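Okay, so here's the structure we're looking at.
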Amino acid sequence: MFIVIAGSPRGSVTLTEVDAAGVAAAPVLLDAAGFLAAVASREPARPRWVWSDTTLWYPALLEAGQRVERSQDLRLGHRVLKLSEATRGTPLRDAPANSWDDAASPAGDHANTLFDDGASAPGADPVAEFVLQRQTLDEVARSDPARARRLTLLLAAESCGALIAEEMRFHGMPWRRDVHAAKLEEALGPRPQFGGRPARLEALADQIRAALDAPALNPDSQPDLLRALKRAGLAVTGTSKWDLRELRHPVIEPLLAYKKGARLLSANGWVWMDAWVQDGRFHPEYVVGGVVTGRWATRGGGALQLPAEVRGAVRADEGWSLVVADAAQLEPRIIAAMARDEAMAAAGRERDLYQGLVDAGVVDTRAHAKVAMLGALYGATSGESARLMPRLTRAFPRAIGLVEAAARTGERGEQVSTWLGRSSPVPGDDWEGADAVSTTDAAPTEDRRARQAARDWGRFTRNFVAQGTAAEWAMCWMAGLRKRLRLLADEGGEPHLVLFLHDEVMVHTPAHLADAVGHAVTEAANDAGRLLFGDFPVDFALTIATVSSYDEAK
DNA sequence: AGCTTGAGCGCC
DNA sequence: AAAAGGCGCTCAAGCT
């Protein structure tokens with residue numbers, strides 16, 4: 001059963017029950033309090049709550065202490081269906097551009113203004129959009145039922161991801177300000193009272209100025225720094241630590257130390273801590289499906305880029321533990337399953353797929369296995385990685401064939417799709433790849449540029465199918481885990497997800513439940529594999545650590 | 001004054 | 001050791 005929610009979460013709300021056939025009952029009009037009461041009373045029947053945008057509706061429920069188990073996010077669904085190859089010729093695809101298209105655009109910034117007054121925005125009626133999405137899926141099912149099932153799964157998984165993202169933001173990740181502050185003081189010196197450069201950084205800046213004989217140098221200014229380095233006789237073209245590391249000069253050591261400290265200060269310094277950590281919790285803003293491939297992004301806080309340096313500040317509460325689980329070599333396992341490549345799946349039967357490649361005699365060392373596999377996934381064109389490719393192709397023709405085919409498709413300027421049906425964008429109007437290459441009268445330089453553009457786009461589509469399908473697996477994994485964690489709750493508390501990092505999850509749990517959580521994480525991974533790939537015998541191996549501090553994992 | 005761009009570096 | 005796919009975020013510089 002579906003209940004479509006329209007209106008505004010803190011104003012007036014209409015609930016419209018829609019049955020599986022898409023027939024809507026009479027809408028019920030409620031005020032904000034009535035809305036909360038209605039959700040509370042209907043939730044035990046496990047309806048699927050349908051709303052325009054989870055980020056708009058769910059926070060109000062969470063603040064009222066109300067979780068929901070299942071939902072349908074129309075904004076996320078619209079974006080998938082609008083761009084999917086599978087929906088060509090369907091009514092949703094052919095509909096004139098409307099506010100759902102705007103809201104579904106990658107920026108997503110306009111979502112709030114668009115939906116604040118919900119149904120009153122032209123063409124934004126969620127009941128109509130929900131029915132249209134159902135019709136679209138039905139139409140896909142008529143020609144390809146399996147394709148429609150996968151798209152339906154994708155919409156459900158992403159909707160659940162959106163619930164999880166809001167729940168993680170609401171609860172936050174346990175974060176010890178004192179540990180973080182101690183780390184900052186150790187690395188940078190005491191917090192400057194009125195902003196400005198901390199003492200240890202300033203001392204390093206002085207060393208740099210002395211070594212370069214440039215008393216007024218601001219090491220934060222890339223052009224100034226580059227000029228000063230050249231004046232000191234160093235042959236450099238940039239100021240990255242990559243370039244600098246090769247050089248021998250008294251300035252290099254303090255300069256590298258300065259860059260490291262400046263990075264820590266600006267990305268995760270005191271200002272960051274004040275902005276993002278409250279009451280011992282870091283509240284990240286995830287953007288579900290924020291990346292074209294379907295991976296998540298963040299908006300502020302940088303939860304997906306927490307540097308190793310500060311992970312020690314993530315500490316379980318007293319009497320609680322952190323269970324950190326990481327899917328090992330996820331993308332190779334994904335392409336093995338997509339291509340139904342028995343040989344690669346067998347190599348992944350080892351806990352370490354790279355070691356499995358060595359044991360199978362494909363390559364001689366684990367390092368070679370890793371670099372070869374990354375080359376296959378990213379489209380290496382040179383170096384060790386490219387040299388090892390033929391061995392992989394011989395050993396795993398199906399899996400490698402799948403990513404090669406995705407690359408060729410992209411080079412022609414065509415779309416590729418993930419396992420569940422998210423399609424890659426079509427190249428922009430200024431893309432000159434395939435067409436320009438095929439014209440014989442193109443100037444040589446244009447021709448070269450066109451070929452380069454085609455190859456670049458091919459590397460993107462090659463990676464898209466693996467990265468995007470891995471993201472789908474990960475959302476199914478998390479959705480299953482979320483459900484299992486609920487069942488583990490007891491009087492000691494309830495374990496809950498606190499971090500998601502592409503192929504890694506963290507659960508904050510009462511310590512006595514840590515083993516059960518580890519079991520749940522494993523079972524959820526197995527479930528996700530079966531949900532996507534049925535009985536194809538591919539293992540999704542996990543590395544699981546129960547720790548009190550994030551920096552103890554791995 | 002406010003916006004975009006590029007360099008740089010952190011993550012998977 | 002480097003390279004290849006996807007990002008976010010910050011700063012300074014360059015632009016309007």
Side-chain angles (χ1 to χ4, degrees), chain A residues 106 195 197 217-227 236-246 255-256 258-269 271-272 275-276 284-311 326-332 334-335 367-368 370-389 403 406-407 410 416 418 422 424-425 452 455-471 473-474 499-505 550 554:
Chain A
R197 207 173 261 147
L217 175 69
N218 170 16
D220 292 327
S221 167
Q222 196 263 357
D224 288 0
L225 179 58
L226 186 59
R227 270 192 294 275
V236 285
T237 54
T239 61
S240 72
K241 73 174 182 189
W242 221 237
D243 298 332
L244 299 173
R245 223 162 33 191
E246 309 305 320
L255 182 51
L256 289 176
Y258 179 87
K259 280 173 164 284
K260 193 170 166 58
R263 166 79 194 184
L264 175 65
L265 175 66
S266 69
N268 297 99
V271 174
W272 177 90
W276 295 100
E285 293 179 27
Y286 292 100
V287 183
V288 174
V291 176
V292 278
T293 57
R295 270 190 175 183
W296 291 16
T298 50
R299 175 166 43 229
L304 299 177
Q305 293 116 263
L306 279 184
E309 266 185 294
V310 302
R311 292 187 177 188
D326 173 302
Q329 305 101 28
L330 178 55
E331 291 179 10
I334 288 288
I335 63 169
H368 278 167
K370 183 171 180 175
V371 80
M373 196 57 82
L374 291 177
L377 291 165
Y378 296 144
T381 52
S382 63
E384 181 97 72
S385 180
R387 274 199 299 284
L388 289 165
M389 277 295 293
V403 289
V416 296
T418 60
R422 185 190 305 272
S424 63
Q452 186 59 47
R455 274 196 302 270
D456 290 347
W457 197 260
R459 275 198 300 279
F460 165 57
T461 53
R462 168 198 296 269
N463 188 244
F464 184 96
V465 294
Q467 188 184 114
T469 305
W473 178 90
L499 175 75
F500 172 55
L501 207 51
H502 307 309
D503 59 1
E504 177 180 336
V505 296
Y550 190 14
K554 284 197 230 185

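Just so it is clear, the model here is predicted, and its values are computed rather than measured. Just so we're on the same page: letters track the sequence lines, and every chain starts at 1.
Residue S385(A) is the one, among S385(A) and D224(A), whose nearest nucleotide of DNA chain C lies closer to the 5' end (criterion: closest heavy atom). In this structure, R245(A) and S266(A) both approach DNA chain C, and ranking their closest nucleotides by distance from the 5' end singles out R245(A).
At a threshold of 4.5 Å between non-hydrogen side-chain atoms, the residues R462(A) and I335(A) do not count as touching. Side chains of Y286(A) and L499(A) form a contact here, defined as non-hydrogen atoms less than 4.5 Å apart. A heavy-atom distance below 4.5 Å is found between the side chains of K259(A) and T239(A).
A donor-acceptor distance shorter than 3.5 angstrom exists from the side chain of T461(A) to the backbone of G458(A), with no hydrogens or angles considered. The closest donor-acceptor contact from the side chain of W296(A) to the backbone of H502(A) lies at 3.5 Å or more, if one exists at all. R295(A) contributes no side-chain N or O that, together with a main-chain N or O of A470(A), makes up a donor-acceptor pair within less than 3.5 Å.
When heavy atoms are screened at a 4.0 angstrom cut-off, A297(A) is found touching the sugar-phosphate backbone but no base atom. Note on G383(A): nothing from the nucleic acid sits closer than 4.0 angstrom, heavy atoms only.
For residues 375-389 of chain A, the set of pairs meeting the salt bridge (Lys or Arg N to Asp or Glu O under 4.0 Å) definition, not counting sequence neighbours, is empty.
Taking each heavy atom of P332(A) and L377(A) in turn, the nearest pair found is CD-CD1, 4.0 Å.
Reading DNA chain C from its 5' end, the first and the last nucleotide to sit under 4.0 Å from a heavy atom of chain A are dA1(C) to dA13(C).
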Tabulate protein N/O versus nucleotide N/O from nucleotides 6-12 of chain B, keeping only pairs under 3.5 Å, one per line.
from    : atom 1 : to      : atom 2 : distance (Å)
dA7(B)  : O3'    : Q222(A) : NE2    : 3.1
dG8(B)  : OP1    : Q222(A) : NE2    : 2.8
dG8(B)  : OP1    : T239(A) : N      : 2.7
dG8(B)  : OP1    : T239(A) : OG1    : 2.6
dG8(B)  : N2     : R263(A) : NH1    : 3.4
dC9(B)  : OP1    : K241(A) : N      : 3.0
dC9(B)  : OP2    : K241(A) : N      : 3.2
dC9(B)  : O2     : R263(A) : NH1    : 2.6
dC9(B)  : O2     : R263(A) : NH2    : 3.4
dG10(B) : OP2    : K241(A) : NZ     : 2.5
dG10(B) : O4'    : R263(A) : NE     : 3.4
dG10(B) : O4'    : R263(A) : NH2    : 3.0
dG10(B) : N2     : Q305(A) : NE2    : 3.2
dC11(B) : OP1    : A308(A) : N      : 3.2
dC11(B) : O3'    : R311(A) : NH2    : 3.2
dC12(B) : O3'    : D503(A) : OD1    : 2.5
dC12(B) : O3'    : D503(A) : OD2    : 2.9
dC12(B) : O2     : R295(A) : NH1    : 2.9
dC12(B) : O2     : R295(A) : NH2    : 3.3

